[in-house]
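Scroll down for the structure; my scribbles are underneath it.
Computed over heavy atoms, backbone and side chain alike; hydrogens, waters and symmetry mates excluded. Please read these numbers as outputs of a predicted model, since none were measured by experiment.
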Amino acid sequence: MLGKYRVISIVLLSICLASCGQQKNTQETTVQESVTTVEQSKSTNFQLGKGSNQFNTVSFNETFNNKSVVAHYAEEYPDFIPQVLSEDGKLYGSVDHVGILEIDLKTNQSQLVHEMSDATVSHQWVRAVNQNWVFFEEFNNSKETANFYILNRTTGEVKTVKADEKMPMIHHITAFFTEDAQLVFNIVKDSKKDTSLNSLHLLDPTTMKEQVIDQNTFSPVLFDGKLYYIRYDATDNYSEVVQYDRKNGDMKVTLTHQSATEHLNQLLPDKHELYVSLGTDLKSGTIYHVNQAEKKYDWVYGYASTGFIQQNHLGFMSYSATDTESGRYKTPYRLIDLQHHNKYDYDGSMVFLSEKGMAWIAFKKDTKEIPKGETFRNENSEIHYVEFE
């Protein structure tokens, strides 16, 4: 089935490789300079509410498992590491030192959509997918460099977005495509000395024109037609949520928070509401609903993650919980619904979300019977896929 299991995430460690033989494209890069910013005083402008995890426990099997399609793994690619689920039901991931694999979870057909040609590449990671494009990163451990590419799903053509980007081993990438097929990606280089290394980019895949929107940023999301992201000043322990209008370039600060113990660290939207998390790092925190009318944060949920956090616009959030939380032999995963305050009694492995469906890895046996690194094998687990109604 699928080979070695690795817990690496959308917001966690990004170690991905470099594909040789691809021609580098020249991009026009501009930095947004003329913007309209609403000035805010450096203090929390929203009151913090209190609460506890009062979520309804819901049967995962009755809600999803019994309606799912079981997709077979690609036997000829034993080291496939699933990473991103597309809206049209295709699961993308990397095959060690081979390339990028696509599995159609509806038809059980698979194909290698990109072959690796550089033997020095250490790791490969698919970052974002839409109906036309695949955005991926390749990382070289020895050189500590990352190369970013965009792949045309129809023609197979690969274009270089960024080449030989100096990158520390630990870095975080958030990426997604907008409804008009623009690529948004945020690079966070783990450096406490220089937060200006963190930057938010906007790319037009057709023209390859790139724009740096802002610095000191992370956790960009689309909500109500606008781009939202967090801007953080580690020196002043000051964080804020910024609203960016892609049509006219206007920026507006909508939330501010100053604290020596926590900062705004995650944005999570659903179709109707915006949620924000306060925490000390990118792995844990307390989620609040942003109550714009009453200028307060309404307490929703507290979480502690080992690093794998994913969400979509329907309000679902999946994350890798700590082993001590459940005592399970392998990393436990949690699935919650912020909109309806439901938590599911899920006991499988990694969960992958899109705006139209969900895929997950279901165990076939007790986790104690599955050796380390062998989760993705036919005898140990299977992929399930379900489309949201």
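Between Phe55 and His341, the ring planes lie parallel to each other; the angle is under 30°, not in the 30° to 60° tilted range.
A salt bridge is absent between Arg377 and Glu369: the closest approach of a Lys/Arg side-chain nitrogen to an acidic carboxylate oxygen does not fall below 4.0 angstrom. Salt bridge present: Arg153 and Asp88 bring a charged side-chain N and a carboxylate O closer than 4.0 Å. Between Glu210 and Lys162 there is a salt bridge, since at least one side-chain N of the basic residue sits less than 4.0 Å from a carboxylate O of the acidic one.
Checking side-chain atoms of Asp164 against main-chain N and O of Asn147 turns up no donor-acceptor pair under 3.5 Å. Proximity of a side-chain donor or acceptor of Ser86 to a complementary backbone N or O of Lys90 within less than 3.5 Å is detected. Of the possible polar contacts, none joining the Ser381 side chain to the Ile361 backbone as a donor-acceptor pair under 3.5 Å is found. Between the side chain of Asp236 and the main chain of Tyr238, no donor-acceptor pair closer than 3.5 Å is present. No donor-acceptor pair closer than 3.5 Å links the side chain of Arg231 to the backbone N or O of Asp214. In this structure, Lys67 contributes its side chain and Glu387 its backbone to no donor-acceptor pair below 3.5 Å. Looking only at distances, no side-chain donor or acceptor of Asp250 sits under 3.5 Å from a matching main-chain atom of Asp245. Asn380 places a side-chain N or O within 3.5 Å of a backbone atom of Glu374 that can act as its donor or acceptor partner. Judged by distance alone, the side chain of Ser239 and the main-chain N or O of His263 form no donor-acceptor pair under 3.5 Å. Put simply, the side chain of Tyr346 gets close to the backbone of Ser349: a donor and an acceptor are under 3.5 Å apart.
A donor and an acceptor atom, one from each side chain of Asn66 and Asn61, are nowhere located under 3.5 Å apart. A donor-acceptor pair shorter than 3.5 Å can be found between the side chains of Ser277 and Tyr303. Using modelled atom types, one finds a donor on one side chain and an acceptor on the other under 3.5 Å when comparing Glu137 with His171. Residues Ser68 and His384 have side chains that bring a donor and an acceptor to within less than 3.5 angstrom of each other. With no hydrogens or angles considered, a side-chain donor-acceptor pair links Thr217 and Asn186 at under 3.5 Å. Residues His201 and Ser199 bring a donor and an acceptor atom of their side chains to less than 3.5 Å of each other.
Just one residue in the list His114, Glu102, Gln83 forms a side-chain hydrogen bond (donor to acceptor under 3.5 Å, both in side chains) with Tyr92, and that residue is Glu102. Each of Leu151, Val129, Val161, Ile150 was checked for a side-chain contact (heavy atoms from CB on, under 4.5 Å) with Phe136, and the lone residue meeting it is Leu151.
Interatomic distance, CG of Leu91 versus CG of Leu101, reported as 8.5 Å (0.5 Å rounding). Of the inter-residue distances, the one linking Ser318 atom OG with Leu353 atom CG reads 4.5 Å to the nearest 0.5 angstrom.
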- side chain to side chain contact (heavy atoms under 4.5 Å, CB included) between His172 and Phe218, intermediate numbers included: CA-CA 9 Å; His172 312 277; Phe218 54 90; over 6 Å; no
- Task: Apply side chain to side chain contact (heavy atoms under 4.5 Å, CB included) to Met167 and Phe148, showing your working.
- Result: CA-CA 12 Å; Met167 196 76 68; Phe148 295 88; 3.9 Å; yes
- What do the steps show when you test Phe388 against Phe316 for ring-ring contact (aromatic ring centres under 6.0 Å, His included), and what is the final call? CA-CA 11 Å; Phe388 296 128; Phe316 287 101; 5.1 Å; yes
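Here the side chains of Ile100 and Val126 are in contact, with some heavy-atom distance below 4.5 Å.
Residues Phe135 and Phe177 keep their aromatic ring centres 6.0 Å or farther apart. Taking the ring centroids of Trp360 and Phe60, they lie under the 6.0 Å cut-off.
Counting heavy-atom neighbours within 6.0 Å of Lys372 NZ, excluding the residue itself, gives a total of 12 or less.
Considering only residues two or more places apart in sequence or on other chains, Asp366 meets the salt bridge (Lys or Arg N to Asp or Glu O under 4.0 Å) condition with none of them.
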